[in-house]
Number of protein chains: 2
Amino acid sequence: MPNSEHVKLEAYLKERGQKVTKARKAVLRAFMELEGHVTADSLFAAAKKIDPGIGQATVFRTVKLLAEAGLAREACQDEGARTYEHAFRHSHHDHLRCERCGTIVEFYDKTIESAQEVVFKQYGFVAIGHKMELTGLCADCARRGI
Amino acid sequence: MPNSEHVKLEAYLKERGQKVTKARKAVLRAFMELEGHVTADSLFAAAKKIDPGIGQATVFRTVKLLAEAGLAREACQDEGARTYEHAFRHSHHDHLRCERCGTIVEFYDKTIESAQEVVFKQYGFVAIGHKMELTGLCADCARRGI
DNA sequence: GTGATATTGATAATCATTCTCATTTTGGAG
DNA sequence: CTCCAAAATGAGAATGATTATCAATATCAC
Ligand SMILES: [Zn+2]
Ligand SMILES: [Zn+2]
Ligand SMILES: [Zn+2]
Ligand SMILES: [Zn+2]
């Protein structure tokens, strides 16, 4: 039962003369089953449940491949391990992070997005993308005091 | 000739019962002499010219201290080594980075800054700060083609 | 099926940063 | 100024995420 993510990955691979392998299919399946912001490590754990023999290096390689194929996207991140999130049918957004409890809220702000376009133009840049993370204290943590 | 940066650092240290040391003074001096976005490594090199015996760990510790004291600030960074920039008398701004040549342009956009405040309020967050980096191709790189 | 080629998984290597700890500095009290 | 507890230092080891290496294996166009 090939779903559209697998179709998209296979199309991407074929187009570049790359191979559709057991490991890649397992990583994609694991990735699609996870939600939110996923580290290579949690993806490794999930992928091992599907294909116990899979190697860590392969997971690192494959999640990067998923990003190139437009199925995953790096989530803005300050410290520690890199995180990825679904990019297919999960449109662009930015993040609001609570410094106390780590809660992450996704948001999309039209005003900011269009102001960014203006900045690109102002400096003669051709836009590729952006990363923005707002940090603060969520309502709960603020109420509980610092 | 104590300048205001040294005064500020010493005040910060005294207030917290910490000591004003040769190494800390050397790192601050080196930092003030450098411009733009500084890595711990380049700061280490610069500090060694002032105090040849200084250790790398001390530079890492001290630049972090400078950030706490409000003299340095982390510059938004995707890969590789963390970078710091002057925070004292160098007001807040965000960055525009060319993916081809690495050029970094600093900018400040009032519209974005105030829209961020609105987002914080919308989600009930108490604002602490933000990191934003726009990536694209600078005029030169865009002209030369990809 | 065959073979050229891409991929894999185990392992070692990298590299920025942090930790450890014995030794040295600092700064306030006397 | 001297003494000393506390803080800081520097050398080197440790960490932890990510990459590189490479012999063995899997894939796929023919
Ligand atoms: Zn919170
Ligand atoms: Zn997200
Ligand atoms: Zn450029
Ligand atoms: Zn800057």
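Each chain gets a letter, A, B and so on, in the order the sequences are listed, and its residues count up from 1.
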- Message: At 4.0 Å (heavy atoms only), tell me whether A/A57 reaches a base, stays on the sugar-phosphate, or touches nothing.
- Response: base

- Rounded to whole angstrom units, what separation is found between the NZ atom of A/K25 and the C1' atom of D/dT27? 10 Å

- To the nearest Å, how far apart are B/Y12 OH and D/dA7 C1'? 15 Å

- Message: Distance check needed: C/dA6 C1' versus A/K14 NZ, whole Å only.
- Response: 15 Å

- Task: Would you indicate what B/G80 reaches in the nucleic acid, counting non-hydrogen atoms under 4.0 angstrom: base, sugar-phosphate, or nothing?
- Result: nothing

- The side chain of B/R61 lies closest to which of these nucleotides: C/dT18, D/dT19, D/dG10? D/dG10

- Give a yes/no on whether any side-chain N or O of A/T21 is located under 4.0 angstrom from OP1 or OP2 of C/dT8. yes

- Taking only the side-chain heavy atoms of B/F60 (C-beta and beyond), determine which of C/dT7, C/dG9, C/dT17 contains the nearest atom. C/dT17

- Message: Nearest whole Å is fine: how far is D/dT9 C1' from B/K22 NZ?
- Response: 11 Å

- Message: If you compare every side-chain N and O of A/R16 against the phosphate oxygens of C/dT5 (OP1, OP2), does one of them come in below 4.0 Å?
- Response: no

- Query: Given atom CD1 of A/I54 and atom P of C/dT7, what is their separation to the nearest angstrom?
  - Reply: 14 Å

- Item | N or O in side chain of A/R24 less than 4.0 angstrom from C/dT7 OP1/OP2 | yes

- Expected output: side-chain B/R24 to main-chain B/E10 donor-acceptor under 3.5 Å: no

- Message: At less than 3.5 Å, do the side-chain atoms of A/K19 and the base atoms of D/dA26 form a donor-acceptor pair?
- Response: no

- Starting from P on C/dA16, measure out to CZ on A/R82 and report it in whole angstrom. 14 Å

- Task: In whole angstrom, give the distance that lies between atom CZ of B/F44 and atom C1' of C/dC15.
- Result: 15 Å

- Query: Base, sugar-phosphate alone, or nothing: which one does A/K64 contact when heavy atoms must sit under 4.0 Å apart?
  - Reply: sugar-phosphate

- Query: Are B/H86 and B/E5 linked by a side-chain donor-acceptor pair shorter than 3.5 Å?
  - Reply: no

- Query: Are B/K121 and B/E117 close enough for a salt bridge, meaning some N to O gap below 4.0 Å?
  - Reply: no

- Query: Between B/E74 and B/K131, is there a side-chain N and carboxylate O pair less than 4.0 Å apart?
  - Reply: yes

- Task: Provide, to the nearest angstrom, the distance between the CD atom belonging to A/Q56 and the P atom belonging to C/dT11.
- Result: 12 Å

- Short side-chain N/O contact to D/dA8 OP1/OP2 from B/Q18, under 4.0 Å: yes

- Message: Does the structure place the NZ or CZ of B/K48 under 6.0 Å from the centre of the six-membered ring of B/F44, at an angle of no more than 45° from the ring's axis?
- Response: yes

- Measure from the side chain of A/A23, starting at C-beta and using heavy atoms only, and say which of D/dT18, C/dG9, C/dA6 lies closest. C/dG9

